[in-house]
Amino acid sequence: MSIKKFPIEAGHIMQFARAIGDSNPIYSDSEYAEHTEVGSVIAPPTFLQACQHYEENFPLRPQADKPWFGSAKQAIGEGQAPGSEGGGIGLYAEHHYEYHQPVRPGDVLHSKQREGKCWQKQGKRGGQLTFQEYITEFYNQHDERVVTSTIIGVQTEHVVS
Amino acid sequence: MPLSISTLRAGDQFEKVVVENLSRSQIVMYAGASGDFHPVHSDETYAKAIGLPGVFAHGMLTMGMTGTALTDFVGDNRLKKYSARFKGQVWPGDTLTAKIIVESIDTENLCAQLKISTYNQDGKEVLSGSAQALLYL
């Protein structure tokens, strides 16, 4: 999924740093950051995962006008978990980041995603495993590439018990 | 302190406990910050109803927490690459330690190749990875 607009906000970076348990002031204190080599608050290395907030129709975010599959009155809500179709299950195997420039509050990113390599392997329990690379390039408001993010997903043939 | 090529040697190691007794609240914080609200990570009732023992952490939370060890070791804005392979699930109550080993040093490009392993309180590896960091002269 490509993203049209991902505004980088200082408060979002601070909350992300708190969530990963990082109290480094480079992620929250602009006065401190001004006097460092990088010169401003920057985003932690895995922050661009938060682009999910800006993915249109992201399936793992409840949306006001659609049924959600988590518990509410009943133990399980309407529908099934995305990614569980077709008998097998989709798993998240690897994540690779390549950094070209720091990401700073005030930047407005956009991304382009493409499929990379695809290969298959015989698994022990899930039958045939299909691996697929998804490569996302993130660019800033000057169209400069800031981060390349590559996810390797694996689809099992049947449900792994 | 950022890493200096004059003092760093292949084989040098760095270890950090990146989370102690992981709480469900921290997993919820990560769901909110990252935007991944899959109920297997934040909805205990749902997780049990589909046969899991309970909720478990996002793989990317483990990668994020491991990243704190990396940036503590190499300094801010020094990473060129950071890769992780997810090896096992991380559960509430887990204590994770990230271990970083300097594999090699490229003196020409002022760069260190690092190997990463994050393991839980039982010694089981939950993440293996690698990174490349720029060094100071």
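Chain A is the first sequence line, chain B the second, and so forth, proteins listed ahead of strands; every chain is numbered from 1. Values below: all heavy atoms of this structure, side chains included; hydrogens, waters and symmetry mates excluded.
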#### Entry: Under 4.5 Å from any heavy atom of chain B - which part of A:P44
neither
### Query
Is a salt bridge present between B:K80 and A:E98, judged by a nitrogen-to-oxygen distance below 4.0 Å?
no
### Task
Indicate yes or no: does A:E137 engage A:K112 in a salt bridge with an N to O separation below 4.0 Å.
no
### Query
What option among B:L61, B:V40, B:L79 has the most heavy-atom pairs under 4.5 Å with chain A?
B:L79
### Message
Heavy-atom pairs under 4.5 Å with chain A: which of B:A47, B:A84, B:G59 has the most?
### Response
B:A84
### Task
Pick whichever of B:Q26, B:R85, B:M29 has the most heavy-atom pairs under 4.5 Å with chain A.
B:R85
### Task
Would you mind checking which part of B:D36 comes under 4.5 Å of any heavy atom in chain A, side chain (CB onward), backbone (N, CA, C, O), both or neither?
both
### Task
Give a yes-or-no answer on whether the side chains of A:H110 and A:D143 include a donor-acceptor pair shorter than 3.5 Å.
yes
### Query
What residue in B:A31, B:S128, B:G32, B:A33 has the most heavy-atom pairs under 4.5 Å with chain A?
B:A33
### Query
Passes salt bridge (charged side-chain N to carboxylate O under 4.0 Å, His left out), B:R78 versus A:E37? Steps please.
CA-CA 11 Å; B:R78 308 307 292 171; A:E37 184 194 49; 3.3 Å; yes
### Query
Taking B:T45, B:T66, B:I27 one by one, which has the highest count of heavy-atom pairs under 4.5 Å against chain A?
B:T45
## Note on the structure
Ranking B:G129, B:G35, B:S25 by heavy-atom pairs under 4.5 Å to chain A gives rank one to B:G35
### Summary
Most contact-rich option vs chain B, by heavy-atom pairs under 4.5 angstrom, among A:A93, A:S23, A:G21, A:P45, is A:A93
### Query
Between A:F6 and A:F47, what is the ring plane arrangement, given parallel below 30°, perpendicular above 60°, and tilted in between?
parallel
